[in-house]
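Heads up: the structure comes next, in structure tokens.
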Amino acid sequence: MPSLQLTILGSGTSMGVPTLGCRCAVCASPDSRDKRTRPSVLLAYAGRNVVIDTTPDFRSQALRAGMDRLDAVLYTHGHADYILGLDDIRPFNLKQNGAVPIYGAPETIAILRRQFAYIFDGVSSESTLPMIETHAIDGPFELWGLRLVPVPAMHGPLPVLGFRFGRAAYLTDFSAVPESSMPLLEGLDDFILDALRYRPHPMHSSVEQSLALVKRLQPKRAWFTHICHDLGHAETNARLPENVRLAYDGLQIGVPLTEVSL
Ligand SMILES: [Zn+2]
Ligand SMILES: [Zn+2]
């Protein structure tokens, strides 16, 4: 059975952990799993590398993961911590001698056009610019035989997309999942989802809210990501149900690519 290898490139909140200037126990922790870069995942399958989001840590994440090519980028939304590494795809443009296709909701593509106007303005430059090919997501799509199903959710007042692929799903930066998206998250083996901290937050799911979602959807395993410095890795895991763990940078999850019709 073909399979996909998912790597957690980053598991931290927008400011990362350690958080600049903070000397709390988690920021000072010697446990490497308490060192969290900004949230992103790598999907490696069929000789291709697809990343979800390009964080400000994209370069170091790609180095750590040993990424030797980049075939596509999917964007969940246009917040700074999810897009600011886009400029760092240039070595892959040069190596592969071509543009990298990027996929996002139309509003996310519009944000990229504003934030990275120099990529889009057509002004000739002596500098190396990222080469991209934009694709607006308007429903499920296929990349090299992998069906990717966008999962709409809300991130405070902002729409955001998660992605379902086979029996796994990735849903970061959300505060609410509409009923219409629930069927897209059923029958999962692995569910990687936002759980910022214990205390509620208007833009993010808390540990309690994410546990309630896991209880309802019953994935075999759940992995919390987008974690802030309130949650120490070992102590939080000790308090979570057996099938729910904190993700950490570098974690790899094998996803069998069985036929799933959605
Ligand atoms: Zn701290
Ligand atoms: Zn966000």
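Numbering of ligands and ligand atoms starts at 1, following listing order. In this chain, residues are counted from 1 in sequence order.
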Mind running side-chain hydrogen bond (donor to acceptor under 3.5 Å, both in side chains) on Thr76 and Asp53 for me, showing each step along the way?
CA-CA 7 Å; Thr76 56; Asp53 300 308; 3.0 Å; yes
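- In this structure, Glu208 places its CD atom where only 12 or fewer heavy-atom neighbours from other residues, nucleotides or ligands lie under 6.0 Å away.
- Judged by distance alone, the side chains of Asp249 and Thr37 do bring a donor and an acceptor atom under 3.5 Å apart.
- Side-chain rings of Phe174 and His155 stay apart, their centers remaining 6.0 Å or farther from each other.
- Annotation: Tyr75 is not in aromatic contact with Tyr82 [ring centroid separation under 6.0 Å not met].
- Atom CD of Glu242 is surrounded by 12 or fewer heavy atoms from other residues, nucleotides or ligands within 6.0 Å.
- For the Zn ion (ligand 2), the count of nearby protein N/O/S atoms, taking only those under 2.8 Å, is 4.
- Defined by atom type and a distance below 3.5 Å, a donor-acceptor pair is missing between the side-chain atoms of Trp144 and Asp71.
- A ring-centre distance under 6.0 Å is found for Tyr248 and His233.
- Of the N and O atoms on the side chains of Ser40 and Thr55, not one donor lies less than 3.5 Å from an acceptor on the other residue.
- Under 2.8 Å from the Zn ion (ligand 1), one finds the following protein N/O/S atoms: Cys22 SG, Cys24 SG, Cys27 SG, His229 ND1.
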